[in-house]
Trainee: 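The structure is given below, and queries will be raised subsequently.
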Amino acid sequence: MQRRAVLAAPMLAAPLLLPSPASAQAALVSEEFMVPSGDAGIELFLRNKRPENLTSFSPARTVLFVHGATYPAHTSFDLPLGGLSWMDYMAGRGFDVWCLDLRGYGRSTRPPEMAQPPEANPPLVRGETAVADIAAAAAFIRERRSVPRLIHMGWSWGTALMGRFAADNPTLVERLVLFAPVWLREGASPAGDAMGAYRFVTQAQARERWLNGVPQSARANLIPGGWFEHWAGVTWATDPEGLRRNPAALRAPNGVLQDSREYWQAGRPFWEPGRVTAPTLLVVGEWDRDTPPSMAFTILPLLTSSPGRRMVLLGEGTHTMLMERNRGALFQAVQVFLEEASA
């Protein structure tokens with residue numbers, strides 16, 4: 001196994017692994033694709049980053065990211081904050097990295113119901129639909145790279161989707177990484193009133209939720225200056241219709257909220273951890289209030305068929321740690337898990 005050196009990367013509190021020798025001098029290339037889903041008229045946006053000199057692909061170094069309930073993948077995983085995105089970092093380590101915007105999010109097709117008032121239709125993009133989108137995107141990548149399996153990584157709601165895919169398709173998943181994993185809510189609650197097809201989220205609401213649970217003394221330094229504004233600007237710009245509102249809002253499908261009522265808030269799991277046979281990493285920040293560490297602690301012993309399973313709890317990070325001052329600790333925790341597997 002190669003020795004790893006560390007460096008203090010700009011705008012990163014935690015040290016990061018240096019690029020691997022094979023990719024240290026290679027420029028990164030980026031490609032974008034619109035992939036047909038299983039439904040007519042719905043296409044899925046995929047972005048890929050990799051070293052320019054990478055010509056041989058393997059399951060151990062091919063990764064697919066999927067986002068959470070509200071924001072698209074490409075403005076989170078591939079936003080160059082401080083000059084570096086998470087996809088840049090992984091590609092710089094010699095990985096072939098992909099991210100997927102599910103239907104209704106980002107640059108993927110929005111279902112036609114999203115052009116109607118939200119109350120005109122039931123919640124859009126339920127979990128089963130999202131898992132089918134993941135299956136279509138993963139099949140495209142496997143065929144394009146001629147690999148039998150991929151590393152699947154999810155954030156927030158994406159952890160339930162990727163967990164479900166891994167449990168249902170054990171031969172197609174090389175490794176599973178669940179960042180901020182969602183699980184059953186304590187104190188199951190009854191279903192509420194009927195909800196519409198989608199919801200509107202403002203930047204002020206996003207920032208308030210982001211900082212929920214962060215000690216007051218730590219809030220000023222949690223997000224480096226300008227990072228939130230940069231992320232919000234490019235994320236809300238993916239929804240021109242929402243930008244016309246005052247204040248500007250991002251439309252997000254409500255299928256995940258309906259799933260939450262019927263599964264997590266009702267004491268029913270959306271996926272079965274015991275059916276996952278791939279090595280699995282759970283990673284969560286101590287200040288995460290959306291998916292608190294207790295959820296990851298509950299999931300870990302249920303992964304009875306996952307070899308080498310582990311959990312990492314990272315200090316001074318929230319549900320959105322990938323875009324915070326201490327994101328280097330998150331990047332490195334995931335990278336160590338993946339590169340140990342590769343070695």
Side-chain angles (χ1 to χ4, degrees), residues 66-71 102-105 111 113-114 118-135 152-170 173 176-201 205-206 208-210 212-213 251-276 280 282-285 287-306 309 311 318-320:
V66 167
H67 57 84
T70 309
Y71 313 116
L102 298 166
R103 71 178 70 193
Y105 295 85
E113 293 90 344
M114 291 186 74
E119 62 273 11
N121 294 283
L124 291 170
V125 194
R126 299 294 300 273
E128 287 79 4
T129 300
V131 172
D133 286 351
I134 291 169
H152 283 246
M153 177 170 171
W155 171 31
S156 189
W157 178 44
T159 64
L161 304 177
M162 288 303 214
R164 175 73 168 266
F165 182 88
D168 292 348
N169 303 276
V173 178
L176 182 63
V177 179
L178 306 180
F179 165 47
V182 62
W183 194 243
L184 308 185
R185 302 286 177 184
E186 293 184 4
S189 58
D193 297 334
M195 66 180 73
Y198 58 92
R199 63 196 183 280
F200 294 99
V201 181
Q205 290 171 328
E208 180 180 1
R209 183 169 185 178
W210 189 327
N212 182 33
R251 291 174 297 164
N254 272 342
V256 58
L257 300 185
Q258 188 63 38
D259 283 348
S260 181
R261 286 183 178 181
E262 296 183 13
Y263 290 97
W264 306 299
Q265 294 178 44
R268 298 173 54 212
F270 181 75
W271 61 288
E272 299 179 37
R275 294 176 56 201
V276 173
T280 301
L282 310 174
V283 58
V284 62
W287 293 334
D288 191 332
R289 290 298 178 269
D290 288 342
T291 56
S294 59
M295 291 186 175
F297 277 112
T298 301
I299 295 170
L300 184 65
L302 301 178
L303 292 162
T304 53
S305 300
S306 171
R309 64 189 182 274
M311 174 182 165
T318 76
H319 195 69
T320 318

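Only this structure's heavy atoms are used, side chains among them; waters, hydrogens and symmetry mates stay out.
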Trainee: Quick check: closest heavy atoms across Leu161 and Ala130, and the distance to 0.1 Å?
Mentor: CD1-CB, 3.7 Å
Trainee: Take a 6.0 Å sphere around CD of Glu119 and say whether it holds more than 12 heavy atoms from other residues, nucleotides or ligands.
Mentor: yes
Trainee: side-chain contact (heavy atoms from CB on, under 4.5 Å), that's the test. Do Leu176 and Leu303 meet it? Break it down for me.
Mentor: CA-CA 11 Å; Leu176 182 63; Leu303 292 162; 5.6 Å; no
Trainee: Please confirm whether the backbone N or O of Asp133 pairs with a side-chain atom of Arg103, one donor and one acceptor, at under 3.5 Å?
Mentor: no
Trainee: Donor-acceptor pair, distance only, cut-off 3.5 Å: does the side chain of Tyr105 make one with the backbone of Ala69?
Mentor: yes
Trainee: Check for a donor-acceptor pair, side chain of Asp288 on one end and backbone N or O of Thr291 on the other, with a separation under 3.5 Å.
Mentor: yes
Trainee: Would a 4.5 Å heavy-atom cut-off, applied to side chains only, mark Thr320 and Tyr71 as touching?
Mentor: no
Trainee: Provide the closest heavy-atom pair for Ala180 versus Trp155 in the form atom of the first, atom of the second, distance.
Mentor: CB-CD1, 4.0 Å
Trainee: Between Ser306 (side chain only) and Thr280 (backbone N and O only), is there a donor and an acceptor less than 3.5 Å apart?
Mentor: yes
Trainee: To the closest 0.5 Å, what do you measure between CD (Gln265) and OH (Tyr263)?
Mentor: 13.5 Å
Trainee: At what distance, to the nearest 0.5 angstrom, does OG1 of Thr129 lie from CD1 of Ile134?
Mentor: 11.0 Å
Trainee: What heavy-atom pair brings Ala296 and Pro181 nearest, and what distance separates the two atoms?
Mentor: CB-CG, 3.8 Å
Trainee: Does any donor atom in the side chain of Arg199 or Thr70 lie under 3.5 Å from an acceptor atom in the other side chain?
Mentor: yes
Trainee: When you measure from the side chain of Thr159 to the backbone of Phe179, do you find a donor-acceptor pair of N or O atoms at a distance under 3.5 Å?
Mentor: no
Trainee: Verify side-chain contact (heavy atoms from CB on, under 4.5 Å) between Val284 and Phe297, making sure each step is shown before the conclusion.
Mentor: CA-CA 10 Å; Val284 62; Phe297 277 112; over 6 Å; no
Trainee: Between Asp259 (side chain) and Arg126 (backbone), is there a donor-acceptor pair under 3.5 Å?
Mentor: no
Trainee: Would you give the length of the straight line joining atom CG of Leu178 to atom CH2 of Trp271, rounded to the nearest 0.5 angstrom?
Mentor: 5.5 Å
Trainee: Could you state the interatomic distance from OG1 (Thr318) to CG (Asn212), rounded to the nearest 0.5 Å?
Mentor: 9.5 Å
Trainee: I'd like to know if the side chain of Thr298 reaches the main chain of Ser294, judged simply by a donor and an acceptor atom lying under 3.5 Å from each other, with no hydrogens or angles considered.
Mentor: yes
Trainee: Looking at every heavy atom in both Gly68 and Trp157, which two are closest together, and how far apart are they?
Mentor: O-CE3, 3.5 Å
Trainee: Could you give the distance from CZ (Phe270) to CD (Glu262), rounded to the nearest 0.5 Å?
Mentor: 10.5 Å
Trainee: Specify the closest pair of heavy atoms between Arg185 and Met295, including all atoms of both residues, with the distance to one decimal.
Mentor: NH1-CE, 3.1 Å
Trainee: Can you check whether Met114's main-chain N or O pairs, donor with acceptor, with Arg251's side chain at less than 3.5 Å?
Mentor: yes
Trainee: If every non-hydrogen atom of Leu257 is compared with every non-hydrogen atom of Met195, which pair is closest and at what distance?
Mentor: CB-SD, 3.6 Å
Trainee: Does a side-chain heavy-atom distance below 4.5 Å link Val173 with Met162?
Mentor: no
Trainee: As an exercise, state the distance from CZ of Arg164 to CG of Asn169, rounded to the nearest 0.5 Å.
Mentor: 10.5 Å
